[in-house]
Colleague: 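Below is a structure I'd like to ask you about.
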Amino acid sequence: NSTLLTVAKDVKLQVEFNPTVVAEYRLVGYENRILAREDFRNDKVDAGEIGAGHTLTALYEIALVGAKGRRVEPLRYGNTTAITGDRDELAFLRIRHKSPEGGSSREQRFPIASAEIKTALAETSTQFRFAAAVAAFGQLLSDSKYRGEMRLTDVALLARSALGTDPEGYRREFVKLVGLAEMLQVAQK
């Protein structure tokens, strides 16, 4: 905290997925930081700080309507309310935060276009692929039931494909960490 120059306090993110496009979703990580929906606009509920030069990444695993990969069986009678909506919008993002000095929260809103959906991993940015590798590593380390068929070798390959510009060497250090985990795994067998 001594080196953190706070640029935003009580930062809260809320993502609302369009049910005409997204059949189901799950937040990857941050399980201990999930707020009740009604607490999003409650300034008395504490949230995280963001410092200068820092970024925040929230990853969601989604299953699109009509696509394979759903984990929950659809309801027999469907949704009890009629779903209508613009299929051009994948989701709607709301961000609330206070200035470093405090006071009332400010809210920003951003629609996320369905056109942002990528059908192949190779079409995604290096930032996305690297974040996905880190998330997959976390899922493997915690022995998550959602890890699927991913292995440490796959995590390393994905991270290497997303090294991009790495002036501080953090991404390369992560690849080394995954390699160490692979060696430990082999040694335990």
Colleague: What are the two closest non-hydrogen atoms of Val65 and Pro19, and how far apart are they?
Modeller: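 Shortest heavy-atom contact: CG2-O, 3.5 Å.
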
Colleague: Going by heavy atoms in the side chains, are Arg160 and Leu158 under 4.5 Å from each other?
Modeller: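 In short, these two side chains do not touch, never coming nearer than 4.5 Å.
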
Colleague: In the structure I gave you, are the side-chain heavy atoms of Leu140 and Val155 within less than 4.5 Å of one another anywhere?
Modeller: yes

Colleague: Inspect the contact between Arg94 and Glu16 and indicate whether a charged nitrogen and a carboxylate oxygen are less than 4.0 angstrom apart.
Modeller: yes

Colleague: Identify, with sequence neighbours excluded, every residue that meets side chain to side chain donor-acceptor pair (under 3.5 Å) alongside Glu107.
Modeller: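 Per chain and number, Glu107 pairs via side chain to side chain donor-acceptor pair (under 3.5 Å) with Arg41, Arg96, Arg109.
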
Colleague: Mind listing the closest non-hydrogen atom pair of Asp154 and Glu149 along with its distance?
Modeller: OD2-O, 3.8 Å

Colleague: Looking at every non-hydrogen atom in both residues, tell me the closest pair between Ala162 and Arg171 and how far apart they are.
Modeller: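 The pair with the smallest heavy-atom distance is O-NH1, 2.7 Å.
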
Colleague: Would you compute the distance between atom OG of Ser99 and atom CG of Asp10 and round it to the nearest 0.5 angstrom?
Modeller: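 Nearest 0.5 Å value for the OG-CG distance: 10.5 Å.
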
Colleague: Compare every heavy atom of Asp166 with every heavy atom of Arg172, then report the nearest pair and how far apart it is.
Modeller: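 Looking at all heavy atoms of both residues, the shortest contact is N-OD2, 2.9 Å.
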
Colleague: Without swapping roles, check the side chain of Glu123 against the backbone of Thr119 for a donor-acceptor pair under 3.5 Å.
Modeller: yes

Colleague: Show the numbers, then the answer: is there a side-chain contact (heavy atoms from CB on, under 4.5 Å) between Gln139 and Val28?
Modeller: CA-CA 8 Å; Gln139 299 287 290; Val28 179; 3.8 Å; yes

Colleague: Is there side-chain contact between Arg106 and Ile95, with at least one heavy-atom pair below 4.5 Å?
Modeller: no

Colleague: Within a strict 4.5 Å, meaning less than it, do heavy atoms of the Val21 and Ile117 side chains meet?
Modeller: yes

Colleague: Take atom NZ of Lys176 as the centre, draw a 6.0 Å sphere, and report whether it contains more than 12 heavy atoms from other residues, nucleotides or ligands.
Modeller: no

Colleague: For Ser161 and Arg129, work out which heavy atoms get closest and say how close.
Modeller: O-NH2, 2.9 Å

Colleague: Give a yes or no on whether Leu27 and Val11 share a hydrophobic cluster (residues Ile, Leu, Val, Met, Phe, Trp, Tyr; joining criterion: side-chain heavy atoms under 4.5 Å apart).
Modeller: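 Same cluster.
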
Colleague: Answer with yes or no whether the hydrophobic clustering places Leu141 together with Leu152; edges join I, L, V, M, F, W, Y residues whose side-chain heavy atoms lie under 4.5 Å apart.
Modeller: yes

Colleague: Taking the side chain as everything from C-beta on, heavy atoms only, tell me whether Leu93 gets closer than 4.5 Å to Gln14.
Modeller: no

Colleague: How long is the gap from NE2 on His97 to OG on Ser105, to the nearest 0.5 Å?
Modeller: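 If we round to the nearest 0.5 Å, His97:NE2 and Ser105:OG are 8.5 Å apart.
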
Colleague: Are Leu90 and Ile62 packed together at the side-chain level, in the sense that at least one heavy-atom pair is separated by less than 4.5 angstrom?
Modeller: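 In contact.
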
Colleague: Does anything in residues 169-189 pair up under ring-ring contact (aromatic ring centres under 6.0 Å, His included), and if so which pairs, sequence neighbours excluded?
Modeller: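 Found Phe130-Phe174, Phe137-Phe174.
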
Colleague: Return the set of residues passing ring pair (Phe, Tyr, Trp, His ring centres under 6.0 Å) with Phe17 (not counting sequence neighbours), or none when no residue passes.
Modeller: Tyr25, Tyr60

Colleague: Can you confirm whether Phe128 sits close enough to Leu59 that some side-chain heavy atom of one is under 4.5 Å from a side-chain heavy atom of the other?
Modeller: yes

Colleague: Are Thr153 and Glu182 packed together at the side-chain level, in the sense that at least one heavy-atom pair is separated by less than 4.5 angstrom?
Modeller: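 Yes, their side chains come closer than 4.5 Å.
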
Colleague: At their closest point, which heavy atom of Ala91 faces which heavy atom of Val15, and how far apart are they?
Modeller: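 Minimum heavy-atom separation between Ala91 and Val15: CB-CG1, 4.0 Å.
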
Colleague: Check the pair Leu184 / Val186 against side-chain contact (heavy atoms from CB on, under 4.5 Å), numbers first and verdict last.
Modeller: CA-CA 5 Å; Leu184 285 171; Val186 169; over 6 Å; no

Colleague: Side-chain heavy atoms under 4.5 angstrom apart, residues restricted to Ile, Leu, Val, Met, Phe, Trp, Tyr: same cluster for Leu64 and Leu121?
Modeller: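 Different hydrophobic clusters.
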
Colleague: Quick one about Ser114 and Glu89 (side-chain donor to acceptor, distance below 3.5 Å, no hydrogens or angles considered), yes or no?
Modeller: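 Short answer, no.
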
